[in-house]
Amino acid sequence: YRGYAERIFAAANGKIDILLTGDDFGSQNGPLISPDMWVEFLADGFADYIDLAKSHDLRVMHHTCGSVRALIPLMLERGLDILQSLQPEAEAMEPRQLKADFGDRLAFHGGISIQRTMPFGTPAAVRDEVKMIIDGLAPGGGYILCTSHNVQADTPLENVEALLAAYREFGRYR
């Protein structure tokens with residue numbers, strides 16, 4: 001992957017802003033591996049990849065689903081800039097608490113529930129959740145408005161329309 005990324009960065013010639021990496025490190029209830037195992041088996045490669053991106057003046061966004069709160073400090077120590085995608089149903093992934101604990105060093109992407117609100121909520125509930133997530137994560141900057149993952153096929157069209165309307169209504173930094 002490193003060689004592939006080096007070729008991409010060279011070909012892009014400064015026209016890339018963010019490198020998106022991804023590996024799911026969490027389940028609904030906690031990390032898939034312990035923090036000690038993450039350090040032993042993954043940390044060096046994670047840091048090396050981030051260092052490569054930073055040598056090309058890129059920010060690094062890492063996608064991981066699930067409850068990864070215990071791994072966030074480890075990812076931050078290795079230079080992570082943006083955590084994607086924030087899954088609010090996962091244990092210990094409450095958006096306001098994550099912003100309070102890490103928001104001065106880490107940007108967040110996601111947070112609008114595709115497990116509960118988008119498929120099963122009303123359009124009003126979607127609107128309310130968008131507002132709540134923005135209110136919790138946007139102050140001071142460092143929030144990228146998005147659902148917690150891809151919108152799924154079980155999501156009613158009315159909720160997608162409500163999502164986009166709420167993005168337009170609340171989704172601007174002031």
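Sequence positions, counted from 1, serve as the residue numbers for this chain.
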Is there a path of hydrophobic side-chain contacts, each under 4.5 Å between heavy atoms of I/L/V/M/F/W/Y residues, joining [Y] to [X]?
X      : Y      : answer
Leu106 : Val60  : yes
Leu74  : Leu32  : no
Leu76  : Phe108 : yes
Ile33  : Val39  : yes
Leu80  : Leu19  : no

Item to complete: Would you mind listing every side chain to side chain donor-acceptor pair (under 3.5 Å) that reaches into residues 112-123, with sequence neighbours excluded?
Response: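 Every pair satisfying side chain to side chain donor-acceptor pair (under 3.5 Å) with a residue in residues 112-123: Gln87-Gln115, Glu89-Ser113, Thr117-Glu129.
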Worksheet item: Between Arg2 and Asp48, is there a salt bridge with N-O shorter than 4.0 Å?
Response: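 Yes.
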Side chains of [X] and [Y], heavy atoms from C-beta outward: is any pair under 4.5 Å?
X      : Y      : value
Phe102 : Pro73  : yes
Phe170 : Asp135 : no
Pro35  : Leu71  : yes
Phe46  : Asp23  : no
Ile72  : Leu98  : yes
Leu86  : Pro95  : yes
Leu163 : Val130 : yes
Leu83  : Thr64  : yes

What's the spacing between [X] [atom1] and [Y] [atom2] if we round to 0.5 Å?
X      : Y     : atom1 : atom2 : result
Ile50  : Arg59 : CD1   : CZ    : 12.5 Å
Ile133 : Arg96 : CD1   : CZ    : 8.0 Å
Glu94  : Lys99 : CD    : NZ    : 13.0 Å
Met93  : Gln28 : CE    : CD    : 10.5 Å
Ser67  : Asn29 : OG    : CG    : 7.5 Å

Considering residues at least two apart in sequence or located in another chain, which fulfil the ring-ring contact (aromatic ring centres under 6.0 Å, His included) criterion with [X]?
X      : result
Phe25  : Trp38, His62
Phe9   : His56
His109 : none

Expected output: side-chain [X] to main-chain [Y] donor-acceptor under 3.5 Å:
X      : Y      : result
Thr147 : Asn150 : no
Arg127 : Pro123 : no
Asp154 : Pro119 : no

Worksheet item: For Leu20, what are the other residues in its hydrophobic cluster, where any two members join if their side-chain heavy atoms are less than 4.5 angstrom apart?
Response: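 Besides Leu20, the cluster holds Ile18, Met61, Ile82, Ile144.
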Worksheet entry | For Asp44, all residues meeting side chain to side chain contact (heavy atoms under 4.5 Å, CB included), sequence neighbours excluded |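 Applying side chain to side chain contact (heavy atoms under 4.5 Å, CB included) to Asp44 gives none.
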Looking only at non-hydrogen atoms, find the nearest pair between [X] and [Y] and report the distance.
X      : Y      : value
Gly111 : Pro88  : O-CG, 3.2 Å
Tyr49  : Ala5   : OH-CB, 3.7 Å
Pro139 : Gly136 : CD-C, 4.1 Å

Item to complete: Give the C-alpha distance, both sets of side-chain angles, the deciding distance and a yes or no for salt bridge (Lys or Arg N to Asp or Glu O under 4.0 Å) between Asp81 and Lys54.
Response: CA-CA 10 Å; Asp81 298 301; Lys54 301 249 176 179; 2.8 Å; yes
Fill in: Lys131 atom NZ: more than 12 heavy-atom contacts under 6.0 Å
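Not buried by this count: 12 neighbours or fewer within 6.0 Å.
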